[in-house]
Amino acid sequence: MRNAQEEEPQDPQLVRLDNMLLAEGVAGPEKGGGAAAAVSAATSSGGMSPDSSQIRNIYHTELEKYEQACSEFTTHVVNLLREQSRTRPVSPREIERMVAIIHRKFSSIQTQLKQSTCEAVMILRSRFLDARRKRRNFSKQATEVLNEYFYSHLSNPYPSEEAKEELAKQCGITVSQVSNWFGNKRIRYKKNIGKFQEEANIYAMKTAMGATQNEDSPHTPNSTGYNCNTVASVL
DNA sequence: TTCTATGATTGTGC
DNA sequence: GCACAATCATAGAA
């Protein structure tokens, strides 16, 4: 039986589907590859997204079911043939041929399973690309928080990893979105300081007011080093 | 419909 | 790996 299975030439379509599933990280060892990696990169939460890991789990469950069913059915048919051999001559060659037929039939089921998994991955990929295209502005409050940090650290607007995480938490966005925001802000501020002057003054006033309210505790911010007069000279 | 603002992506340099 | 610069694509205002 094993020989009959191993000698069967590999279906080129099946090979193609196998390669694709491997490349997408659905088949083979668990890793962050292909669509799975792309989606998880977008979520920045690390690991596979719920959708992509779901596809992987379903695929493996179905594949196991398929293998079990194939093996059980083959055993069943072989047993039937052996029983028949009591009433009529059944050659080993006939058994082999029957097993080969069963495997061919099951192979088409396997192709269908892999085909539909590939389709699911493709749908997931296009959904991810759509999400990337559909930009959403951050909430007013989030922009406020980011701007406050930016203008109060104008002399060094490079938040540490911890600060980025804290800002991300406060704004309800990801750390990479915080990094993007600061990257964009630094470059746009630098290119057009004049345009941002008014905004800088507003946040400077806010910071100053906050400092006045906390006059009893002299070590609290405005300890950020922000000074209205330095706005134009930095960066 | 056009224009501007803005979040995201890509390529490059360090 | 991070920051910068250029660019893209879209949201939202005019």
Side-chain angles (χ1 to χ4, degrees), chain A residues 20 22-26 29-56 118 120-207 209-210 221-235:
Chain A
M20 186 187 160
L22 263 173
E24 296 297 344
V26 175
E30 193 157 355
K31 61 178 170 114
V39 176
S40 59
T43 58
S44 89
S45 53
M48 291 175 92
S49 76
D51 281 348
S52 52
S53 63
Q54 217 176 341
I55 289 177
R56 189 187 158 84
C118 284
V121 170
M122 286 298 135
I123 290 167
L124 187 63
R125 187 197 284 280
S126 69
R127 250 193 243 160
F128 162 65
L129 289 171
D130 283 348
R132 213 170 50 165
R133 272 195 288 272
K134 284 201 174 96
R135 185 177 64 78
R136 285 267 170 271
N137 285 356
F138 296 161
S139 69
K140 218 173 170 184
Q141 195 210 343
T143 312
E144 194 98 332
V145 169
L146 294 166
N147 271 318
E148 268 177 29
Y149 188 98
F150 181 81
Y151 288 112
S152 63
H153 294 77
L154 208 45
S155 56
N156 184 36
Y158 298 87
S160 64
E161 204 52 38
E162 291 77 25
K164 280 182 193 171
E165 279 170 20
E166 183 58 36
L167 286 167
K169 212 185 292 175
Q170 280 182 43
C171 300
I173 57 177
T174 67
V175 173
S176 42
Q177 282 178 306
V178 172
S179 300
N180 283 341
W181 189 91
F182 273 88
N184 285 325
K185 190 73 182 181
R186 280 192 298 267
I187 193 86
R188 283 163 188 165
Y189 180 84
K190 194 174 144 186
K191 273 187 179 171
N192 199 345
I193 292 173
K195 199 185 89 182
F196 288 99
Q197 187 73 62
E198 196 184 343
E199 192 179 65
N201 290 338
I202 291 167
Y203 283 99
M205 263 167 52
K206 276 189 182 177
T207 310
M209 280 165 71
N222 193 18
S223 59
T224 52
Y226 177 73
N227 178 341
C228 225
N229 297 326
T230 66
V231 171
S233 62
V234 292
L235 298 171

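These figures come from a predicted structure and were not determined experimentally. Convention: sequence-line order gives letters A, B, ...; per-chain numbering from 1.
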Closest heavy-atom pair and its distance - A:Arg186, A:Pro159: NH1-CD, 4.4 Å
A:Lys191 side-chain N/O to C:dC4 phosphate OP1/OP2 under 4.0 Å: no
Residues that A:Glu148 engages under side chain to side chain donor-acceptor pair (under 3.5 Å), provided they are two or more places apart: none
A:Ser179 vs A:Asn184, nearer the 5' end of DNA chain C by closest nucleotide: A:Ser179
Geometric class of the A:Phe150/A:Trp181 ring pair [parallel <30°, tilted 30-60°, perpendicular >60°]: perpendicular
Contact under 4.0 Å: A:Arg186 side-chain N or O vs C:dC4 OP1/OP2: yes
Nearest-angstrom distance from the residue atom CG of A:Asn180 to C1' of C:dA6: 14 Å
Side chain to side chain donor-acceptor pair (under 3.5 Å) partners of A:Asn137, counting only residues at least two apart: A:Arg135
Distance below 4.0 Å between A:Lys164 side-chain N/O and C:dC2 OP1 or OP2: no
Rounded interatomic separation in angstrom, taking CG from A:Leu146 and C1' from B:dA8: 15 Å
Separation of atom CZ in A:Arg136 from atom P in C:dG12, rounded to whole Å: 6 Å
Write down the protein N/O and nucleotide N/O pairs, taken from nucleotides 4-6 of chain B, whose separation is under 3.5 Å; answer none if there are no such pairs.
unit_1, atom_1, unit_2, atom_2, d
B:dT6, O2, A:Arg135, NE, 3.1
B:dT6, O2, A:Arg135, NH1, 3.4
B:dT6, O2, A:Arg135, NH2, 3.2

Distance in angstrom units between A:Lys190 NZ and C:dC4 P, rounded: 7 Å
Distance in angstrom units between A:Ile187 CD1 and B:dG13 P, rounded: 15 Å
Atom pair distance, as rounded to whole Å: CD in A:Glu161 and C1' in C:dG1: 10 Å
Set of residues satisfying salt bridge (Lys or Arg N to Asp or Glu O under 4.0 Å) with respect to A:Glu166, sequence neighbours excluded: none
Short side-chain N/O contact from A:Gln177 to OP1 or OP2 of B:dA8, under 4.0 Å: yes
All side chain to side chain donor-acceptor pair (under 3.5 Å) counterparts of A:Glu165, not counting sequence neighbours: none
Integer-rounded Å distance: C:dA13 P and A:Lys140 NZ: 10 Å
A:Glu199: side chain to side chain donor-acceptor pair (under 3.5 Å) partners, not counting sequence neighbours: A:Tyr151, A:Lys185
